[in-house]
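Contents: one structure, followed by commentary.
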Amino acid sequence: MEENNIYTFDNPEFRETYRHTVSHMLAQAMKRLHPEVKLAIGPAIENGFYYDFDADFPITPEVLEEVEKEMRKIAKEKLKLERFELPRDQAIAYVKEQNEPYKVELIEGLPEDAVISFYKQGEFADLCAGPHLDSTGRVKGNALKLTSATGAYWRGDSSKKMLQRVYGTAFQKKEELDAYLERIEEAKKRDHRRLGKELGLFTFMEEGPGFPFFLPKGMVLKNKLIEYWREAHTKAGYVEINTPIMLNKELWLRSGHWDHYKDNMYTTTIDEKEFALKPMNCPGGMLVYKSMPHSYRDLPLRMGELGLVHRHELSGALHGLMRVRCFTQDDAHIFMMPEQIKDEIKGVVELIDQVYSLFGFQYHIELSTMPEDHMGSDEDWAFATDSLRTALEELGRDFVINEGDGAFYGPKLDFHLEDSIGRTWQCGTIQLDMQMPERFDLEYVGSDGERHRPVMIHRVAFGSIERFIGILTEHYAGAFPTWMAPVQVKVLPITDRTAEYADEIAGKLAALGIRVETDHRSEKVGYKIREAQMEKIPFMVVLGDKEAEAGQVAVRNRAGQDLGAMDFSVFETMILEEIETRRSK
RNA sequence: GCUACUGUGGCUUAAUGGUAAAGCACUUCACUCGUAAUGAAGGGAUUGUGAGUUCGAUUCUCACCAGUAGCUCCA
């Protein structure tokens, strides 16, 4: 409009500057009310900002409220933000004088010749590279909110002191803040933990923290996903195996897990020998490969396994189905000759894309490179990493690089899906592994009659079936497509006179393999519809005297549309077509 | 694991230093009804577990267990 629109939240840089300034106001307000609190850092983040404090009292919701009030006051004071610079040693002296040890540490981490900038607003000045708004008066006091206070390690290092992090968000208009808070509330309604309970999909018990219990309806989801998985993988030329969930220590020593992953493994002693529950499926797969000789003609050998793995995750990391201590990986190990790597990787990327597309998911790919704790030579890592990168480039796929985040045995491509409140979860992964075949001394006989070492890809598409179900639940807000819906049709007789006819229709549907329930309670049809609706059942079949007489069915879908009375055969064709094509809308 | 918080019938919530209230769900009865809640009656909790303070605790304190938010870590 009259002003240049670079000063609106449509401009990400301005949004960041604005929220960064608000985070300084947060620090200023905190210092005014609690001068003894030490300041750490306070950046703008995705949906707001935070500031880390070292306070010797808990920052409770009451404290947040007071601080928030003070922040509004600071906005009203319209304090000018002024930048000033100091040479490094003077800067250190300055923050020492202010008694801010974390700031001292920050500056000491900067180069000798650095010029250090500060921003001053009223009585408060903070170390900062900027940029900032020119005045706290630009900040809309009633459109800012401190949302929570939690712990966070200094410099993200769990061996360092835990500070208290205050999260907040800020907008230019109160309506924008309200809309944002509303969105968060809406997202909570589709939280898979809540829906999982409401819809009777799965549950957790105190007796098994982090170990999900699947209820009959959740089991349908799991089985339908597996059914689809088998179908897609058979078509893509995979075979399937199954290996034990518990194997002896020697195997885990050999695979390297005992040295690199033991902290996360459940171990036990049987007949004075140590065993471990598998945290990954690969070693079992290696043994299967080794159990028979292989020719180059058999390669690539794509060996799938729905493997149940156990990992002792930290208690604080558990999160519904998204982060559990035992889960089913839709794993596969592909053994091949080095020249087959690129094409195989492309094939897997396309298979994963096909799976995610079925559900209409948005996702992004990350390429994770060599971590500090790793096995194998730098050359092997470079070759493997390059194969992954080239495959993606040839497919024209975008990806981001995640430096040093690979598995200890190889680099990987990770596929990340978004949940209902915008958090991303790693699901699919493709890991190139040049160590495991070496460790297990895997071989194939080449066209030259000589023995050669195969290369291996380790990959998952769903990632964890449990996590995938969690994400699907949020994605569909519990209204699963008909092909996987735990109950596909609910038959609702209007009066007892049509009870028998309802049973007949339900019987016909069941005979077609359709998951059907009948509501025989003596309630009004409106009530029965309401319940079926809340259970998010795709189709309701309402049966009254009219339908019974005409031998028809009156169909209603969960979108609230009354599709009217139709012959059973018409409904049958419609629903079967929807199921067979796995239509998601 | 760390920091903070939470824990009341199946679910959602209320209340109090003097042994718990409501709605939904459930059971029964009546009603036999046309596309998002018919009415009535009834059963069901020793307030996560253990210990302490107290004449008395579900309420206060401590420990443990589980969960929530985030950090660290990860599919």
Side-chain angles (χ1 to χ4, degrees), chain A residues 50 52 55 57-61 63-64 147-167 191 193-194 197-198 200 203-210 261 263-264 279-280 307 309 311-331 368 405 407 412 414-417 423 425-429 431 460-468 470-471 492-499 521-534 540-547 554-558 560-565:
Chain A
Y50 68 79
D52 285 348
F57 59 91
I59 299 179
T60 58
V63 175
L64 289 187
T147 48
S148 63
T150 65
Y153 297 108
W154 168 234
R155 307 214 123 171
D157 183 341
S158 59
S159 68
K160 298 219 163 99
K161 182 166 185 183
M162 178 155 282
L163 309 174
Q164 297 192 68
R165 175 170 298 176
V166 174
Y167 282 95
D191 186 307
R193 291 167 299 184
R194 176 177 174 156
K197 190 178 266 180
E198 284 174 7
T203 187
F204 288 89
M205 308 280 184
E206 215 170 307
E207 289 82 351
Y261 206 72
D263 288 349
N264 284 300
M280 297 179 194
V309 298
R311 298 181 184 177
H312 183 75
E313 300 292 346
L314 294 178
S315 58
L318 303 176
H319 183 94
L321 285 183
M322 304 297 206
R323 193 77 182 278
V324 291
R325 284 177 171 157
C326 89
F327 55 98
T328 312
Q329 288 185 308
D330 63 318
D331 221 331
S368 297
D405 208 37
K412 55 180 187 166
D414 292 328
F415 294 71
H416 296 255
L417 298 182
R423 283 180 296 211
W425 296 91
Q426 186 186 323
C427 289
T429 170
Q431 310 181 347
V460 290
F462 293 142
S464 138
I465 293 182
E466 288 74 6
R467 175 178 288 182
F468 203 78
I471 292 174
L492 310 175
I494 293 177
T495 69
D496 291 346
R497 289 192 300 279
T498 48
R521 291 174 308 173
S522 89
E523 294 289 350
K524 288 184 173 174
V525 71
Y527 181 83
K528 295 184 183 182
I529 284 174
R530 180 168 190 275
E531 287 216 337
Q533 195 74 42
M534 289 193 303
M540 288 152 245
V541 168
V542 180
L543 302 177
D545 293 332
K546 278 189 280 182
E547 288 74 23
V555 180
R556 181 192 210 271
N557 66 22
R558 68 184 158 201
Q561 294 166 299
D562 185 349
L563 305 181

- [ ] Ignoring the backbone of A:Arg521, work out which of B:C11, B:C26, B:C74 is nearest its side chain.
- [x] B:C26

Open item on the list: Using only atom types and a distance under 3.5 Å, with no angle test, would you say the side chain of A:Gln533 pairs donor to acceptor with the backbone of A:Arg558?
Closed with: yes

- [ ] Scan A:Lys160 against the nucleic acid and name what it touches under 4.0 Å (heavy atoms): base, sugar-phosphate only, or nothing.
- [x] nothing

- [ ] Would you give the length of the straight line joining atom CZ of A:Phe415 to atom OG1 of A:Thr429, rounded to the nearest 0.5 angstrom?
- [x] 8.0 Å

Task: Proximal nucleotide (of B:U35, B:U12, B:U3) relative to the A:Ala554 side chain - done: B:U35

TODO: Give none if B:A57 has no partner; otherwise give the nucleotide forming a Watson-Crick or G-U wobble pair with it, both distances under 3.5 Å.
DONE: none

- [ ] Please report, rounded to the nearest Å, how far the C1' atom of B:U35 is from the CD1 atom of A:Ile529.
- [x] 3 Å

TODO: Report which part of the nucleic acid A:Phe462 touches: base, sugar-phosphate, or nothing (heavy-atom distance under 4.0 Å, all strands).
DONE: nothing

- [ ] Look at the side chain of A:Arg311 and decide which nucleotide, out of B:C74, B:A4, B:A25, has an atom nearest to it.
- [x] B:C74

Open item on the list: Counting the atoms with a prime plus P, OP1 and OP2 as sugar-phosphate, which does A:Ala532 contact under 4.0 Å by heavy atoms, base, sugar-phosphate, or nothing?
Closed with: nothing

- [ ] May I ask you to say whether A:Asp52 pairs ionically with A:Arg165, meaning some side-chain N is under 4.0 Å from a carboxylate O?
- [x] yes

TODO: Classify the nucleic acid contact of A:Arg165 as base, sugar-phosphate or nothing, counting any heavy atom under 4.0 Å across all strands shown.
DONE: sugar-phosphate

Task: Nearest-0.5 Å distance that lies between atom OG in A:Ser464 and atom CG in A:Asp330 - done: 8.5 Å

TODO: Evaluate the side-chain contact (heavy atoms from CB on, under 4.5 Å) criterion for residues A:Phe327 and A:Val309: first the C-alpha distance (whole Å), next the side-chain angles of each, then the deciding distance (0.1 Å), finally the verdict.
DONE: CA-CA 6 Å; A:Phe327 55 98; A:Val309 298; 3.7 Å; yes

Open item on the list: Under 4.0 Å, heavy atoms only, any strand: does A:Asp414 hit a base, just the sugar-phosphate, or nothing?
Closed with: nothing

Task: P atoms of B:A21 and B:G9, separation to the nearest Å - done: 14 Å

TODO: If B:C5 has a Watson-Crick or G-U wobble mate with both distances under 3.5 Å, name it; if not, just say none.
DONE: B:G67

- [ ] Give one of base, sugar-phosphate or nothing for A:Val309, where a contact means two heavy atoms less than 4.0 Å apart.
- [x] nothing

Task: Check: B:C31 base within 3.5 Å donor-acceptor of A:Ser522 side chain - done: yes

Every protein N/O within reach of nucleotides 58-67 of chain B N/O, cut-off under 3.5 Å:
| residue | atom | partner | partner atom | Å |
| --- | --- | --- | --- | --- |
| B:C65 | O2' | A:Glu206 | OE2 | 3.2 |

TODO: Could you work out the separation of B:C11 and B:U3 based on their P atoms and round it to a whole Å?
DONE: 30 Å

Open item on the list: From C-beta outward on A:Leu314, which listed nucleotide comes closest to its side chain: B:U38, B:U72, B:A36?
Closed with: B:U72

- [ ] Using whole Å, report how far NE2 of A:His312 lies from C1' of B:G1.
- [x] 9 Å

- [ ] Please give the nucleotide sitting opposite B:C62 as a Watson-Crick or G-U wobble pair, both distances under 3.5 Å, or none.
- [x] B:G50

Open item on the list: From CD of A:Glu313 over to C1' of B:C73, roughly how many Å is that when rounded to an integer?
Closed with: 7 Å

- [ ] Output yes when A:Arg193 and A:Asp191 qualify as a salt bridge under the 4.0 Å nitrogen-oxygen rule, no when they do not.
- [x] yes

Open item on the list: For a quick check of understanding: with a heavy-atom distance under 4.0 Å over all strands, which category does A:Gly316 fall into, base, sugar-phosphate or nothing?
Closed with: base

Task: Side-chain donor-acceptor pair present, A:Thr328, A:Glu466, cut-off under 3.5 Å - done: yes

TODO: Give the rounded distance in Å between these two atoms: CG of A:Asp496 and P of B:G34.
DONE: 14 Å

- [ ] Taking atom P in both B:U59 and B:G18, compute the distance separating them and give it to the nearest angstrom.
- [x] 11 Å

Open item on the list: Tell me the interatomic distance from A:Met162, atom CE, to B:U72, atom C1', rounded to whole angstroms.
Closed with: 7 Å

Open item on the list: Whether A:Arg497 contacts B:C33 is assessed here as follows: a side-chain N or O lying under 4.0 Å from the phosphate OP1 or OP2. Is that the case?
Closed with: yes

Task: Value in whole Å for how far the P atom of B:A75 lies from NE2 of A:His319 - done: 17 Å

Task: B:C33 versus B:G39 - spacing of their C1' atoms, nearest Å - done: 13 Å

Open item on the list: Only pairs with both distances under 3.5 Å count, Watson-Crick or wobble alike; so what is the partner of B:A40 in this structure?
Closed with: B:U28

Open item on the list: Is there, by distance only and without an angle test, a donor paired with an acceptor across the side chain of A:Arg323 and the base of B:C74 below 3.5 Å?
Closed with: yes

Open item on the list: Taking only side-chain N and O atoms of A:Gln426, does any of them lie within less than 4.0 angstrom of OP1 or OP2 on B:A75?
Closed with: yes

Open item on the list: My understanding is that a pair needs two contacts under 3.5 Å, Watson-Crick or G-U wobble. By that rule, which nucleotide pairs with B:A15?
Closed with: none

Task: A:Glu531 with A:Arg521: basic N within carboxylate O range, under 4.0 Å - done: yes

Task: Nearest-0.5 Å distance that lies between atom CD in A:Glu523 and atom CZ in A:Arg530 - done: 11.5 Å

Task: Gap separating the SG atom of A:Cys326 from the CD atom of A:Glu313, nearest 0.5 angstrom - done: 11.5 Å

Task: Pairwise C1' distance, B:U54 and B:U27 [rounded to whole Å] - done: 42 Å

Open item on the list: Is the phosphate of B:A25 approached by A:Tyr527 (side-chain N or O, under 4.0 Å from OP1 or OP2)?
Closed with: yes

TODO: Starting from C1' on B:C74, measure out to CG on A:Leu417 and report it in whole angstrom.
DONE: 15 Å

Open item on the list: If I pick the C1' atom on B:A45 and the same atom on B:A25, what distance separates them, to the nearest angstrom?
Closed with: 15 Å

TODO: For A:Tyr50 and B:U3, give me the distance from atom OH to atom C1', rounded to whole Å.
DONE: 15 Å

Task: Full working for side-chain contact (heavy atoms from CB on, under 4.5 Å) between A:Phe462 and A:Gln329 - done: CA-CA 8 Å; A:Phe462 293 142; A:Gln329 288 185 308; over 6 Å; no

- [ ] Can you check whether any acceptor in the base of B:U35 is under 3.5 Å from a donor in the side chain of A:Arg556, or vice versa?
- [x] yes

Task: Distance between C1' atoms of B:G7 and B:G43 (Å, rounded) - done: 26 Å

Open item on the list: Any base atoms under 4.0 Å from A:Ala149, or only sugar-phosphate, or nothing? Heavy atoms, all strands.
Closed with: nothing

- [ ] Give A:Val542 one of three labels, base, sugar-phosphate or nothing, depending on what nucleic acid heavy atoms sit under 4.0 Å from its own.
- [x] base

Task: Inter-nucleotide C1' distance (B:A57, B:U46), Å rounded - done: 12 Å

Open item on the list: Let's test your reading of the model: under 3.5 Å, does the base of B:G1 pair with the side chain of A:Tyr153 as donor and acceptor?
Closed with: yes

